[in-house]
Protein chains: 2
Amino acid sequence: MPSTIGVFDSGFGGLTVLRALLHRLPKARFAFLGDTARLPYGSKSRRTIARYAAQSARFLVREQGAEFLVIACNTASALALDAIQDAVPSVPVLGVIEPGAAAAHAASKTRDVLVVATDATVQSHAYTTACLAQGLRAFEMACPLLVPLVEEGWTNHAVTAEVIRIYLDELLATARSGGFTPDTLVLGCTHYPLLRPMIEQIMASIAPAAMQVIDSAESTAEAAARRFDGGAMGAGTGADARAQVRCFATDSVDKFERLGSRFLGQPVGPVELVDLGG
Amino acid sequence: MPSTIGVFDSGFGGLTVLRALLHRLPKARFAFLGDTARLPYGSKSRRTIARYAAQSARFLVREQGAEFLVIACNTASALALDAIQDAVPSVPVLGVIEPGAAAAHAASKTRDVLVVATDATVQSHAYTTACLAQGLRAFEMACPLLVPLVEEGWTNHAVTAEVIRIYLDELLATARSGGFTPDTLVLGCTHYPLLRPMIEQIMASIAPAAMQVIDSAESTAEAAARRFDGGAMGAGTGADARAQVRCFATDSVDKFERLGSRFLGQPVGPVELVDLGG
């Protein structure tokens with residue numbers, strides 16, 4: 001029986017990371033938990049996020065037997081990676097920040113990168129710290145309207161294009177006035193991959209030079225896959241083995257099932273309700 | 001010493017109700033609790049909302065000595081009023097739905113009203129039920145982007161106007177195709193009063209006939225004030241008594257203090273952090 005990779009998010013945005021993982025580890029077994037009763041983490045404090053994320057990690061390890069954890073949530077990765085690792089000391093934990101920063105390092109020539117994310121991720125300056133460790137300067141900006149726009153289904157809507165244009169205009173202008181010459185933009189929120197085509201198109205129309213767009217979800221899946229390439233998780237139980245995915249949520253599964261398939265790129269199947277207390 | 005009125009919301013949107021209460025009961029003592037660690041309630045299930053709201057109500061009654069509770073949250077009023085009343089059986093509990101429906105009854109001549117609210121409030125059909133009890137037909141629609149737009153501070157922004165126009169266009173068209181002839185619009189979310197001027201202006205430009213806009217926050221404050229008019233809570237401790245307001249939040253008080261004054265219409269003062277567990 002293959003080992004289980006636990007994938008955790010505050011909601012179902014992390015399904016974009018699971019989607020990328022499924023693409024790279026097509027024979028692995030996954031348990032995905034969305035802490036939907038307490039989302040969004042993006043507007044909450046470090047203390048609260050750490051408590052919620054630790055409970056969620058323990059569920060995946062103790063109840064679902066996960067032997068590897070992917071924290072498919074930028075906010076939890078930014079604010080609670082240590083708390084999660086402390087909660088499940090026997091299991092390796094991979095967040096989305098470090099892989100995103102590493103991919104930015106590989107992409108950037110100017111060594112200046114832009115990061116768009118939620119309020120809490122930006123306030124944590126986790127991307128700035130991770131980029132600095134790679135020899136990069138990062139300029140971060142919160143874009144609080146993008147998650148609700150994606151959840152409203154307006155991923156191809158004129159209003160969303162206008163909001164993105166306003167955010168990117170401000171981002172470029174503020175970064176440049178601070179002396180940055182960015183050539184790379186990191187999407188530091190798991191909802192943003194659904195807006196990637198629009199973000200790339202608008203950025204191309206307003207940026208003075210080419211801008212590489214990095215998707216932390218993709219980068220994280222690549223980092224996880226490198227870890228398991230050829231190993232038990234990638235290989236599964238046999239040549240015909242297919243990925244197994246079980247999805248759990250802490251609140252009403254309706255919205256998860258309804259919206260989740262957009263993020264996963266395939267039906268999410270039945271979502272099981274779990275009670276973590278609180 | 002005057003009695004305390006407890007005011008509860010999932011976040012700080014309910015400060016618009018407190019603002020209306022302060023206007024009508026200028027000598028009362030208020031304890032406001034925003035369950036900011038677990039907001040927004042609008043996208044959560046009845047079961048989860050009931051549990052959170054009951055914990056919050058017990059805090060206001062047991063820890064703060066509230067002798068009257070105003071549930072300044074449409075979602076909690078819609079989904080958890082019974083659970084709250086069960087949690088604090090000795091204290092009268094007033095939600096925002098009934099007063100909103102009563103005000104719509106007083107305003108409407110056609111007996112058809114429109115309601116805009118969060119997803120969870122709309123899905124509960126609490127306004128439809130409350131309006132029906134008043135002899136009114138209600139047509140409800142969720143407007144999930146309005147809360148994030150208010151919280152982004154875009155209360156006077158072209159994007160917000162465009163989003164409101166899209167929502168109101170769809171609301172009017174769908175209601176009319178269902179045979180409704182509405183003359184009244186109920187703002188069924190405590191964030192929406194901050195958009196009231198824009199909503200009234202856009203509605204006037206697209207509705208075929210005059211449309212009265214009802215603000216549940218105002219209607220609820222009026223209902224509470226009628227209850228205490230001339231009584232201990234309205235009168236305070238003496239002729240010179242002024243309202244006393246203590247604000248509590250379950251998560252980081254920074255955002256509450258930063259954004260709360262917009263909702264309250266005056267500085268919220270220091271916000272005290274409380275832990276309800278979870």
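Naming: A, B, ... by sequence-line order, numbering from 1 per chain. What's counted below: heavy atoms across the whole structure, side chains too, no hydrogens, waters or symmetry copies.
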### Message
Using a 6.0 Å cut-off, check whether atom CD of Glu272(A) has over 12 heavy atoms from anything other than its own residue.
### Response
yes
### Query
Within a reach of under 6.0 Å around CG of Asn156(A), are more than 12 heavy atoms found that belong to other residues, nucleotides or ligands?
no
### Message
Looking at Arg38(A) and Asp251(B), is there a salt bridge between them, counting it only when a charged N and a carboxylate O are closer than 4.0 Å?
### Response
no
### Query
Can you find a pair of side-chain heavy atoms, one from Asp254(A) and one from Gln123(B), that are under 4.5 Å apart?
no
### Query
More than 12 foreign heavy atoms under 6.0 Å from CD of Glu200(A): is that the case here?
yes
### Task
Heavy atoms only: give me the nearest Thr48(A)-Ala37(B) pair and the separation to one decimal.
CG2-CB, 4.1 Å
#### Entry: Residue selection (most heavy-atom pairs with chain A, distance under 4.5 Å) from Val159(B), Leu145(B), Asp119(B), Thr250(B)
Leu145(B)
#### Entry: Which portion of Arg47(B) sits near chain A, non-hydrogen atoms under 4.5 angstrom
side chain
#### Entry: Region of Ile166(B) in contact with chain A, defined by heavy-atom distances below 4.5 Å
side chain
### Message
Pair Val163(A), Glu152(B) - check side-chain contact (heavy atoms from CB on, under 4.5 Å), show working.
### Response
CA-CA 12 Å; Val163(A) 171; Glu152(B) 184 68 317; over 6 Å; no
### Query
Thr36(B), Leu39(B), Leu149(B): which one forms the most heavy-atom pairs within less than 4.5 Å of chain A?
Leu39(B)
